[in-house]
Amino acid sequence: MTDPAELLSAYLDGELDPAERAQVEAYLAHAVDGRAQLDGLAQIRSALRELPSLDPPQPLVAPPVSAVGWARRAVPLLVAAAAVLLGGFLLFGRDDSSSPGAMDTGQLLALHQDAQRMMDGGVDGAPGELTMLADLSDVEHMPEDLGAGMQRMGIYGTDGLVQLVYSDGAHVVSVFEQPHDGAAPMLGEPMEVGDRQAMHQSMGGSEVLMVAEGDMVVTVVGEGGLDSLSAMAGLVVSA
Amino acid sequence: MVSLSLPASPVTRTDRARLEAVPTWEEIARDQGRFIYTVAYRLTGSASDADDLVQDVLLRVQRGLATYTPGNLRGWLSRITTNAFLDSVRRAKRRPTDALPDDMDRVLPASDAADVDSASLRLPEDLQAALLELPAEFRAAVVLSDVVGLSYQDVSEALSIPVGTVRSRIHRGRSRLREILQ
């Protein structure tokens, strides 16, 4: 049975069922300081309710329109792709600093491992050359958790790439979002996530799952096994 | 001639959802800016942190408007604000708040009975300073309940925690505020 003293706030708020209410009223009738506790809590509640509203120091302004973001970033990627193709090179899989979105799965894995080091060491910073994103308007999918205790810990990005980092305190899962034009080719074993086409690879003890989602590629990297990763990927693309 | 008939029965949540149009971003900024900023300030305790949080909230609002179901705009906005706040706290810590969620006694022991000096409660800045001493998850529950005015069920949905946990966090939060302000 719950200690009736622990129910005093819910009693004040009218949030108890009849049996609990009777329990609290019996407590109040007999406990020497029961009424004083209740009055003290009521004073705090009143004071909180009476805290004044505050005016923002400046008027709120509209954030940038999200659709513009991907387009703005896609243009340099397309230009870079055209330039590389004209030069007779394949864009995909190269470490091309002029098109940072075109990262191959190895580079995504390295960013994931950076995120693991950050989480394990409790250090500030961001994976690789990424920075913490202040403007989230371009992030298409950003669920707050992925189930299984995986909570979102940070959102990082650079041109053409967003990395969301999740942790349950022990393991880390990274979710990458890239515009399709700037993403690495989808390689590996074909599979489906929901009704979406996906590719799976095992690399360096991690599972890498790439899912085609509209004009984007969502890549989920983690160590918890393909089934849990697939469930998390499904949750991300449907968010 | 077109006549309007009002429902004879009490308006249900579903009815309200049908009757209330989805607001535009501009309407939210104009009509709810003060509300969002106040919740953000109560959670963060500083003008600059509240400003940063409000910017994060506005982006989330913009993204979320397409899926917003009319009915409880302030409940929705306060949910977004507290979740953005808790995200920022988690980012700052870089680790999950492993001591907070379930082990209430260790984090915030229940207080003994004692009268609070009511004079101290007349100073909003004292109460705001005391709020900042609460762990973030407790502060979020207390702010949603006592500043925003949400029911325990609505707080439970906003924070994705069971109602029993809401009840405990609000009680422990208020009790701790009493202790601090004595």
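Because the structure is predicted, anything quoted here is derived from the model rather than measured. Order of the sequence lines sets the chain letters (A, B, ...), proteins ahead of strands, with each chain counted from 1.
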(Q) Would you compute the distance between atom OH of B:Tyr41 and atom CG of A:Asp55 and round it to the nearest 0.5 angstrom? (A) 13.0 Å

(Q) Looking at A:Arg35, I want to see if its CZ is surrounded by more than 12 non-hydrogen atoms of other residues, nucleotides or ligands under 6.0 Å. (A) no

Q) Based on non-hydrogen pairs under 4.5 Å, which of A:Leu12, A:Asp13, A:Leu8 is most in contact with chain B? A) A:Asp13

Q) Is the number of heavy atoms from other residues, nucleotides or ligands within 6.0 Å of NE2 (A:His141) greater than 12? A) yes

Q: Would you mind telling me which of B:Asp146, B:Val142, B:Leu86, B:Asp56 has the largest number of heavy-atom pairs within less than 4.5 Å of chain A?
A: B:Asp146

Q: Mind jotting down which residue pairs meet the salt bridge (charged side-chain N to carboxylate O under 4.0 Å, His left out) criterion with at least one end in residues 16-26 of chain A? Sequence neighbours excluded, please.
A: A:Glu20-B:Arg167

Q. Looking at B:Leu131, B:Val166, B:Asp87, which makes the most heavy-atom pairs under 4.5 Å with chain A?
A. B:Asp87

Q) How many angstroms lie between atom CD of A:Glu15 and atom OG of B:Ser145, to the nearest 0.5 angstrom? A) 8.0 Å

(Q) Taking side chain as everything from C-beta outward and backbone as N, CA, C, O, which of these in B:Val148 sits under 4.5 Å from a heavy atom of chain A? Side chain, backbone, both or neither. (A) neither

Q.
For the backbone of A:Leu41 and the side chain of B:His171, can you confirm whether one donor and one acceptor N or O come within less than 3.5 Å of each other?
A. no

Q: For the residue pair A:Ile44 and B:Leu181, establish whether any side-chain heavy-atom pair is separated by less than 4.5 Å.
A: yes

Q. B:Arg30: what forms a side-chain hydrogen bond (donor to acceptor under 3.5 Å, both in side chains) with it, not counting sequence neighbours?
A. none

Q. Chain B heavy atoms under 4.5 Å from A:Ala31: which part of the residue, side chain, backbone, both or neither?
A. neither

Q.
Give me the atom names and distance for the closest heavy-atom approach of B:Tyr37 to A:Leu54.
A. CD2-O, 3.7 Å

Q. Any donor and acceptor pair, going by atom type alone, linking the side chain of A:Glu144 with main-chain N or O of B:Asn83 inside 3.5 Å?
A. no

Q) Rounded to the nearest 0.5 Å, how far apart are CD1 of B:Ile170 and CG of A:Leu48? A) 10.5 Å

Q. How many angstroms lie between atom CD of A:Gln43 and atom CZ of B:Arg178, to the nearest 0.5 angstrom?
A. 8.0 Å

**Q.** Proximity breakdown for B:Ile28 and chain A, heavy-atom pairs closer than 4.5 Å
**A.** neither

Q. By a 4.5 Å heavy-atom criterion (distance strictly below it), what part of B:Val39 contacts chain A: side chain, backbone, both, or neither?
A. neither

Q: Go through the atoms of B:Ser151 and report whether side chain, backbone, both or neither lie under 4.5 Å from a heavy atom of chain A.
A: both

Q) Rounded to the nearest 0.5 Å, how far apart are OG of B:Ser175 and CD of A:Gln37? A) 8.0 Å

Q) Side chain, backbone, both or neither: which part of B:Asp51 has a heavy atom under 4.5 Å from chain A? A) side chain

Q) Which residue out of A:Arg152, A:Arg49, A:Glu50 racks up the most heavy-atom pairs below 4.5 Å with chain B? A) A:Arg152

**Q.** Closest non-hydrogen atom pair between A:Pro56 and B:Gly33, with its separation
**A.** CG-O, 4.1 Å

